[in-house]
Amino acid sequence: MDWGMKNRLSRIIRPETGRTVMLAVDHGYFLGPTTGLQEPGKTIEPLIPYADTLMLTRGVLRSCVSPKTDIPIVLRVSGGTSILGNLADEGLTVSMKDALKLNVSGVALSIFVGSELEKQTLLSLANVINEAEEYGVPVLAVTAVGKDMVRDARYLGLACRIAAELGSHYVKTYYCDDFEKVVKNCPVPVVIAGGKKIPEKEALELSCNAVQRGAVGVDMGRNIFQSEHPVAMIRTVREIVHNNLKLRDAYDMYETLSREKEVVFA
Ligand code: R5P
């Protein structure tokens, strides 16, 4: 791995702990103005100090994030579909040249293993990796799960392993039973997505379980920005990821920070 690749990767996965809190706010690329991201700039701003990276699209980056902001960017470079169509039918949306002009630390794209379009998405991944290798840009493969797929260790392990075999530098997947098997069978770092909004305590438990079972962190969106207290949530997730905060302490921390906010703004 060359210096540029290592340097960019160390801006995403923090060398101090070997872990990362990625804030995912790219959902609009297929969901439109989803809850919590109607005005992305307002949502993102108070969360940035507690995130290691921002994962988002070119459009939101340009229009809603100041170029003076000091945060590594992981740019989503796949899309072209919507919630109304066939989500697996994604293509590449951003050239490597434009990604580099945006000074990104990494790029991300989805693969749909098991869908009728798996080949298209896997070859897109391989093509992006080929180009990214030329410029030293780490590639995050996002293992998207189609409606017909089961989010179990067998399926997610298959998808993660294929992403790694094609050369992804790290992989995003979902937490599942026997998650440690998914991690063990994937030779590159794994981060977990949060998935649909669930109660805060459950999202904190998910984060604790994931890092205890080998994830290098989270790439979390809705369970942070759709929380009643997004700043309290990301601060607590950060403690779990970087300092191995246990669940009981994590929930106490979340509740304390939530109350603090209410006092400040009452
Ligand atoms: C989905 O494909 C998007 O890339 C999201 O970034 C990803 O699902 C993580 O967000 P969430 O924690 O809301 O699932």
Taking all non-hydrogen atoms of both residues into account, name the closest pair between [X] and [Y] and its distance.
X: T81; Y: N86; value: CG2-O, 3.3 Å
X: T57; Y: Y29; value: CG2-CB, 3.6 Å
X: V107; Y: V74; value: C-CG1, 4.1 Å
X: S110; Y: S78; value: N-OG, 3.2 Å
X: A203; Y: M233; value: CB-CE, 3.5 Å
X: D26; Y: L56; value: CB-CA, 3.8 Å

Heavy atoms of other groups near [X] [atom1], more than 12 under 6.0 Å:
X: K197; atom1: NZ; value: yes
X: E16; atom1: CD; value: yes
X: D177; atom1: CG; value: no
X: D2; atom1: CG; value: yes
X: E45; atom1: CD; value: no

- Query: Is I198 reachable from I234 through a run of hydrophobic residues whose side-chain heavy atoms are each under 4.5 Å from the next?
  - Reply: no
- Item | Pairs where residues 122-142 contributes a residue and the test side-chain hydrogen bond (donor to acceptor under 3.5 Å, both in side chains) is met, not counting sequence neighbours |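 For residues 122-142: E133-H169.
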- Give a yes-or-no answer on whether the side chains of E202 and N223 include a donor-acceptor pair shorter than 3.5 Å. no
- Message: A cation-pi test, strictly: NZ or CZ of R213 under 6.0 Å from the centre of the six-membered ring of F179 and no more than 45 degrees from its axis. Yes or no?
- Response: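 Not satisfied by the 6.0 Å and 45° rule.
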- Message: Quick check on side chain to side chain donor-acceptor pair (under 3.5 Å): which of R14, H242, R19 does D52 satisfy it with?
- Response: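 That would be H242; it is the only one of R14, H242, R19 passing the side chain to side chain donor-acceptor pair (under 3.5 Å) with D52.
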- Query: Under 4.5 Å between any side-chain heavy atoms of V25 and P40, yes or no?
  - Reply: no
- Query: Do R161 and E165 sit within salt-bridge range, that is, some charged N less than 4.0 Å from a carboxylate O?
  - Reply: yes
